[in-house]
Amino acid sequence: MPEKAETKRLVKRIKNLPTVPGIVQKISKMVENPETTPAEVGRLISQDQVLSAKVLRMANSAFFGMSRKISSITQALIVLGFDVVKGLVLSSSVFDMMKKSMDGLWEHSIGCAAAAGVLAGHLGRKDAEEVLLAGLLHDLGKVVLLLQLPDETAQVLAVCETKQVSFYEAEKEVLEFTHGDVGLWLAEHWNLPVPLAEPMRYHHQPERAVQAPEQTAIVHLANIIIRARGYGFSGDRFVPPLSRTAWEMLGLKDSDFRGILHDLEPKLTVMED
Ligand SMILES: [Fe+2]
Ligand SMILES: [Fe+2]
C-alpha cells in the first residue's frame, strides 16, 4: 500500500464513499442468513419499482441470452442466483453515475460483460452469469475515482495523453494506487463474493489472483477483446497486454477465438442499436 501522506489522504477520501446503496446492504444482510428465501429478497427489491425495472431489463438483455423471459425479481433470483442479482442491483444503482462519469465507460463495461459471458460459455462454466457480472463490474473502481477524486483523475487522464501510457500506468504514477485497488475496497465494502472481487481487483494482473484465478483470467481476456474490438471508452486508447499465465490457464486455442468472436459480435451489435 502507498506510503506517502498525500496518497493516504486520497485513499481515505475514497474509502469514505457514501454511495453504497442502502438496498445492497440490506440484501447482503438477508443473504447472509441461510434461511432467507428468494421470495423474501424478491419482495425487498420489488419495493423499489425503478430499481426492479432496471434489474429486470438487464436480466432480460441480449447479453444474458436467457432462453425464456424473466418476469419477476424472485424468478431472477432463482434463475440467476443471489450473487448475480445483488450485482445487478449494485450495477443498476451505479448505472447512472457511470453514464455521467466517463463517456463510454458504461459501454466498455457492458461490452466486457458480454465478452466475459461468451468466454465463460465457451469454457463450459456453470457460473457464466456470475463471470459476466464480474465483467460488468470490473472497472467500477474508475467510477469511484471519477466521482471522489475528479481532479486527480483528470491528471491521470492527462498523463495518459501526454506520456502515451495506459490509464493503469498513469494511475500508478499519479495516485500510487489503481482502480483495481479501489475496486477491491468497494467489493469488500459491499460484501461481494470473491469471484466478483478478485476480477475487480486483478483484471490487470491476473497472475496475482489466488481464489478466483480463472474468473479473473476470463475478465482480463474479455477486457482485452473488447478494447481490441473497439467498444466504448475506458480512459485510454491502448489494448492492454495479454498475460501469458492467464491465457495458458484458460487453455484456449487461437482457433477457439473465431467461435468466440462470432458469438460475441451479434450481442454487441444488438446493444449498439
Ligand atoms: Fe481496468
Ligand atoms: Fe476495462
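Both ligands and their constituent atoms are indexed starting at 1 by order of listing. Along the sequence shown, the residues carry numbers beginning at 1. Predicted, not measured: the structure shown is a model, and the values here were computed from it.
Glu35 pairs by the salt bridge (Lys or Arg N to Asp or Glu O under 4.0 Å) definition with nothing, not counting sequence neighbours. In this view, Phe238 satisfies the ring pair (Phe, Tyr, Trp, His ring centres under 6.0 Å) rule with no residue, not counting sequence neighbours.
No salt bridge links Arg201 with Glu198; every basic N to acidic carboxylate O contact stays at or beyond 4.0 Å.
Rounded to the nearest 0.5 angstrom, Tyr202 OH and Arg208 CZ are separated by 4.5 Å.
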Let me check something: any side-chain donor-acceptor pairs from residues 251-261 under 3.5 Å, sequence neighbours excluded? List them with distances.
from	atom 1	to	atom 2	distance (Å)
Asp256	OD2	Lys253	N	2.7

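For the Fe ion (ligand 2), the N/O/S atoms of His108 include one lying under 2.8 Å.
The one candidate from Glu214, Glu130, Gln211 that meets the side-chain contact (heavy atoms from CB on, under 4.5 Å) condition with Pro195 is Glu130.
Ordered by chain and number, Asp139 OD1, His179 NE2, His203 NE2, His204 NE2 make up the set of protein N, O or S atoms under 2.8 Å of the Fe ion (ligand 1).
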